[in-house]
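Here's a structure for you.
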Amino acid sequence: MPELPEVEVLRRDLDKDVVGRKIKSVEVVTMRSVRRHTKRKQFTEPLEGAKIKSVERRGKYLVLALDNEQSLVIHLGMSGQLLRAKSAKVAKPKHTHVIIGFTQGGQLRFVDPRTFGEMFVTKSDVIADELPELGHLGFDPLDAGISVDRFAALLRQRSMKLKSLLMDQKFIAGIGNIYSDEILFQAGLRFDRLSDSLSPQEVRRLFRAVIEVLQDAVKYRGSTLADEGFVDLQGNPGEYQDHHQVYGREGEPCPRTKKPIMRQRYGNRSTYYSVSQV
DNA sequence: ACGCCCGCCTGTAAGC
DNA sequence: TGCTTACAGGCGGGCG
């Protein structure tokens, strides 16, 4: 379940490693991974011969701008991986669905066991306008753009449970199940508190927690859980899971109170929290 | 219009 | 031990 930190780690890796490279060939093994296109060629033709100009992240999406006015958009879904192979000879992992070969040699591979991820190509200038899932994204917590006051105003606009709000991509882009729990623990707030019920001090705590947790997670190169297996472009796992305070730690002592971490079903998924959150 | 639940997937692990 | 079932969850869509 790559969330913002994992996608940001990949963005930085791609920025160093594939920007400037020219695409020689594209092989689509599994059409489901490019399901917005009905024909393979709609995906492969705009890519072949194009040079990668830049790599941006929008929430959990990666956008690779090409030198032909088109962009390659990637969403990793739950189990998607992007892996660099120095040569085509390197053994392909199971569930390799798309292979992008570069003129200078080497490949970029899209590997995705659960196939919730996808790749597609679209004209660069219509991304925000014509793709609602990208156009409707809320603010990016790693952009320094938003102020506490603006954040407070946005919270007051709705009366939504905090966990739902943090995971709502239209409100804030890039947070999923793991980081919403970690952020709420850091902020000392319960997942079911209503967004318009927070004191100014609680708003500030939440604001700070969002930024701190996500920045920290990027610093430790993302979270790699046993059942998921996020890895960076070179195939290395992250280390932030060792810094999780509550996620996946049901029954373990809360770092603050030593009372057992609670787990509760909320919105059809597991939520971890401590009784110290109010 | 919004909150909630399902379906899409596969690998892993718990349960009988 | 081996089979079945539950669970993991991002996101679109459908329903109330």
Side-chain angles (χ1 to χ4, degrees), chain A residues 1-10 29-37 57-63 73-82 92-98 110-120 122 127 130-138 140-141 154-184 191-197 214 217 222-231 237-238 240-241 244 246-251 261 263-273:
Chain A
M1 62 221 78
E3 302 179 30
L4 184 150
E6 291 76 32
V7 180
E8 177 62 20
V9 165
L10 278 173
V29 180
T30 311
M31 278 306 288
R32 178 169 158 78
S33 297
V34 296
R35 53 190 169 273
R36 294 192 196 213
H37 304 287
R57 181 185 55 74
R58 301 198 191 174
K60 301 174 196 170
Y61 290 85
L62 286 167
V63 180
V73 181
I74 305 169
H75 193 290
L76 300 170
M78 269 202 66
S79 58
Q81 300 180 338
L82 291 174
K92 282 198 300 280
K94 209 176 169 183
H95 306 295
T96 301
H97 302 310
V98 179
F110 180 63
V111 179
D112 186 15
R114 290 179 212 180
T115 71
F116 286 180
E118 63 164 335
M119 298 177 120
F120 59 91
T122 187
I127 289 178
E130 293 186 17
L131 299 171
E133 59 274 57
L134 278 132
H136 295 168
L137 285 177
D140 194 296
L154 287 171
L155 283 176
R156 279 195 305 270
Q157 270 177 21
R158 334 187 182 194
S159 185
M160 219 166 138
K161 289 178 181 172
L162 288 180
K163 179 161 170 112
S164 299
L165 190 64
L166 287 176
M167 290 176 63
D168 182 352
Q169 304 303 301
K170 292 192 285 298
F171 169 69
I172 181 169
I175 298 171
N177 203 40
I178 296 174
Y179 292 103
S180 58
D181 285 1
E182 291 299 316
I183 287 165
L184 288 169
F191 63 94
D192 52 0
R193 275 289 292 283
L194 292 176
S195 57
D196 57 357
S197 78
L214 296 174
S223 300
T224 300
L225 300 176
D227 85 308
E228 157 220 290
F230 162 77
V231 290
Y240 191 68
Q241 66 281 0
H244 289 178
V246 287
Y247 185 85
R249 299 193 183 278
E250 183 187 15
I261 301 290
R263 176 188 181 179
Q264 191 173 316
R265 214 73 190 151
Y266 169 69
N268 220 16
R269 51 203 38 147
S270 286
T271 292
Y272 298 88
Y273 64 99

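Residue numbering restarts at 1 for every chain, and letters A, B, ... go by the order of the sequence lines. Hydrogens, waters and symmetry mates play no part in the numbers below; they use all other heavy atoms, side chains included.
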What nucleic acid atoms does A:S270 come within less than 4.0 Å of, heavy atoms only: base, sugar-phosphate, or nothing?
sugar-phosphate

Is A:Q169 reaching over with its side chain to a backbone N or O of A:M167, donor-acceptor style, under 3.5 angstrom?
yes

Could you check whether the rings of A:Y179 and A:H244 sit parallel, tilted or perpendicular, using 30° and 60° as the cut-offs?
perpendicular

Could you state the CG-C1' distance from A:D192 to B:dC4, rounded to the nearest angstrom?
16 Å

Difference in axis direction between the ends of the helix from B:dC2-C:dG16 to B:dC16-C:dG2, five pairs, 10°:
60°

Is the closest side-chain donor-acceptor distance between A:E250 and A:Y272 under 3.5 Å?
no

Answer with base, sugar-phosphate or nothing: what part of the nucleic acid does A:R158 contact at a heavy-atom distance below 4.0 Å?
nothing

Modelled atom types, side-chain donor and acceptor of A:R158 and A:S195, under 3.5 Å
no

Between NZ of A:K161 and C1' of B:dC4 the distance, given in whole Å, is 11 Å

Nearest whole angstrom, please: distance from the C1' of B:dC9 to the CZ of A:R32.
6 Å

Roughly, in whole Å, what's the span from CZ in A:R265 to P in B:dC4?
15 Å

Mind telling me whether A:F120 and A:H37 have parallel, tilted or perpendicular rings, with 30° and 60° as the class edges?
tilted

A:D112 atom CG is separated from B:dG11 atom C1', nearest whole Å, by 13 Å

OP1 or OP2 of B:dG11 under 4.0 Å from side-chain N/O of A:H95
yes

Which residue lies toward the 5' end of DNA chain B, A:R269 or A:M160, if each is placed at its nearest nucleotide?
A:M160

With respect to A:S180, which candidate in A:E3, A:K163, A:R269 satisfies the side-chain hydrogen bond (donor to acceptor under 3.5 Å, both in side chains) definition?
A:K163

Can you tell me if A:K94 touches the phosphate of B:dG11, counting only side-chain N or O atoms and a distance under 4.0 Å to OP1 or OP2?
yes

Footprint ends on DNA chain C, 5' to 3', for atoms under 4.0 angstrom from a heavy atom of chain A, come out as C:dC7 to C:dG12

Figure out the CZ/C1' separation between A:R114 and B:dC8, and round it to whole Å.
12 Å

Distance, rounded to the nearest Å, where A:Q169 contributes CD and B:dC2 contributes P
17 Å

pair A:Y61-A:L134: side-chain heavy atoms closer than 4.5 Å
yes

Without hydrogens or angle criteria, can the side chains of A:Y247 and A:S270 be said to hold a donor-acceptor pair below 3.5 Å?
no

Is there a side-chain contact (heavy atoms from CB on, under 4.5 Å) between A:E6 and A:V231? Walk through the geometry before answering.
CA-CA 8 Å; A:E6 291 76 32; A:V231 290; over 6 Å; no

